[in-house]
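Just below is one structure, and these are the notes that go with it.
One-based numbering, in listed order, for ligands and for the atoms of each.
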Amino acid sequence: MTDMRVLRKTAATNHFLSEWVAQMVHLTKPDQVVWCDGSETERQRLFKQAVAARVLIPLNSATRPGCYLHRSNPNDVARSEDLTFICTPNRDDAGPTNNWMAPDEAYQRLRGWFDGSMRGRTMYVVPYILGPIDSPFARVGIELTDSVYVVLNMGIMTRMGTVALDALGSSDDFNRGLHSTLDCDPQRRLICHFPQDNAVWSAGSGYGGNALLSKKCFALRIASWLGRKEGWLAEHMLILGLQSPSGETSYIAAAFPSACGKTNLSMLTPPPSFRGWRVFTVGDDIAWMRVGPDGRLWAVNPEAGYFGVAPGTSAHSNPNAMKMVERDTIFTNVAMTPDRDVWWEGMGVEAPAGIFDWQGRPWRKDSDQPAAHPNSRFTTPMHNNPALSPRVDSPQGVPISAIVFGGRRASTAPLVLESFDWAHGVYLGATMGSETTAAATGKVGIVRRDPMAMLPFCGYNMGDYFAHWLGMQSRLKHPPKVFMVNWFRKDREGRFLWPGYGENIRVLKWIVDRVNGRAGAHDSAVGVMPAEGSLDLTGIDISNDSLKEAMAVKPQEWAVELDLQEEFFTKIGETVPAELDVQREALRAGLELD
Ligand code: SAT
Ligand code: MN
């Protein structure tokens, strides 16, 4: 059932779009083509169809109104990094940290798979805007997909529908995304990016970042490429506003690898001893940042919803998230209770009897398998978030006062430190390391280098990316201060030294105080550290020893760390700017390691 009205309008106004869609229809041969308009009627119709097709299970309409559960194929539960490729004509442009395939080869292989792949299926044309409507930051993407689950998620994650066609007008500047789940076989799964064509072709997966092409594919991999070309930054960062009791709000952008608590931090609820403080969410995953006419760095969240990790989300870790997933949310791979509510590990409530695990199998508390998949997710509209920033739709974005890089490190990295200057800040970001999480397929708990949390998301050569970051300094008359944090340091018994969650606001406050010249600090060999008493610890339950340990800079640990950093830079090769080696050797000298 092609919606002829929308089709006619688009064909009349944008022949680039209608021609491309016609070509892709010719290739994939769907039974029908549906142009999505983003309306409420359409949303309801698609939910109904998805339920009828058993793609979604409607949840209890009294306790979870407007909510659905999706169970993905068990072979398709996370991003597939080893099947994700950057397809640039020149291999060096992708660099050694990306999988690379020649564009001709990638197109040829995928064309073979896509040929007739939508026979018997519907092709949905999903137009969307990344960034606030009418914002100079905004970009249009069109995703063609045969997955109704993808369409419904895109409707939450982006500003989707006619609004995007209007924004596009007659321009050919849009991301061309082609997606087909095929038969969901890992042997026929590839996620290929063609930055020079502003295109993404994704086959064989229906999950998250593999299939919602607006997210990691366009808003990070392709956008980072565009950002380098055009002088801006597309980053794996949350954006939050921290409001003090006096009403002053400062904006922070912070990079953490997937599943390290970005969503929690972006909508943090302050502890009772921080009365009058508030955190407002601008974004929880991705930031697009440009230099404003005032020489400051300005940021928007390109997305309109959250694709957050469910396990561990509780009234303690993230009360705002618990509120926002009460309605209009699509859950993926969580457990279901007998009365069709949701449950996951770390939800803060006992698992009720008779629940079903993420694959729909009866599950008992003594099972050695989790009920919810560790990478199970909620997709929820940002307007559900009680802590949503009133400036989230602001076309100019928000001015960034501080950039924070955070890893998940059991040792070495202190709770917080400030960089000596911009170049040292870029170095801190470039050398970030983190223990791996469930968001990517692979082992949990092994430290891997994850520069700026962009290792899986940078669409070009990592060394060139570092150079682009260093080069931003000349464009920034008032650069944000740069910090590094680590909430995850452990003591010898393996217990976390810092309580984390809402208490992290103490570190954010110190950061903002530093920006405003209000907090004391002293230089250490690896960065600027809080002066004694400058971190607000009123009402927190932490011993002096634990705090000291959380802050400790241990030369023996750093000796190992600096060697590993050097090894990583050597792997990236000669594109790594010499400036970053200079930074490392200065640290080595400061630590008197040689
Ligand atoms: O890439 S996903 O959107 O599937 C989630 C993540 O890795 O952060
Ligand atoms: Mn992410």
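- Taking all atoms of both residues into account, the shortest heavy-atom contact from D284 to T263 is OD2-OG1, 2.8 Å.
- At least one N or O atom of G209, backbone or side chain, sits closer than 3.5 Å to an N or O atom of ligand 1.
- Remark: aromatic rings of F137 and W298 are distant, center separation not under 6.0 Å.
- R176 forms a cation-pi arrangement with F174, by the criterion of a distance under 6.0 Å to the ring centre and an angle within 45° of the ring axis.
- Side chains of N75 and R189: a donor on one and an acceptor on the other come within 3.5 Å.
- Here G209 fails the criterion, with no N, O or S atom under 2.8 Å of the Mn ion (ligand 2).
- On a distance-only criterion, H236 and ligand 1 share no N/O pair closer than 3.5 Å.
- With rounding to the nearest 0.5 angstrom, the OH atom of Y124 is 5.5 Å from the CG atom of L46.
- Annotation: cation-pi pair R391/F280 absent, no NZ/CZ under 6.0 Å from the ring centroid and within 45° of its normal.
- Side-chain contact, N198 with W225: no donor N or O sits under 3.5 Å from an acceptor N or O.
- Heavy-atom contacts of G208 reach the following atoms of ligand 1: 4 (O) (cutoff under 4.0 Å).
- Residue Y207 has no nitrogen or oxygen atom sitting less than 3.5 Å from a nitrogen or oxygen atom of ligand 1, judged on distance alone.
- Close approach to F307 involves these atoms of ligand 1, each under 4.0 Å from a residue heavy atom: 3 (O), 4 (O).
- Atoms of ligand 1 lying under 4.0 Å from any heavy atom of K215, numbered from 1 in the order shown and given with element: 3 (O).
- Atom OD1 is the N/O/S atom of D285 found closest to the Mn ion (ligand 2).
- Remark: ligand 1 atoms within the under-4.0 Å shell around heavy atoms of R79 are 1 (O), 2 (S), 4 (O), 6 (C), 7 (O).
- Considering the Mn ion (ligand 2) as centre, the angle to NZ of K216 and to NE2 of H236 is 90° (10° rounding).
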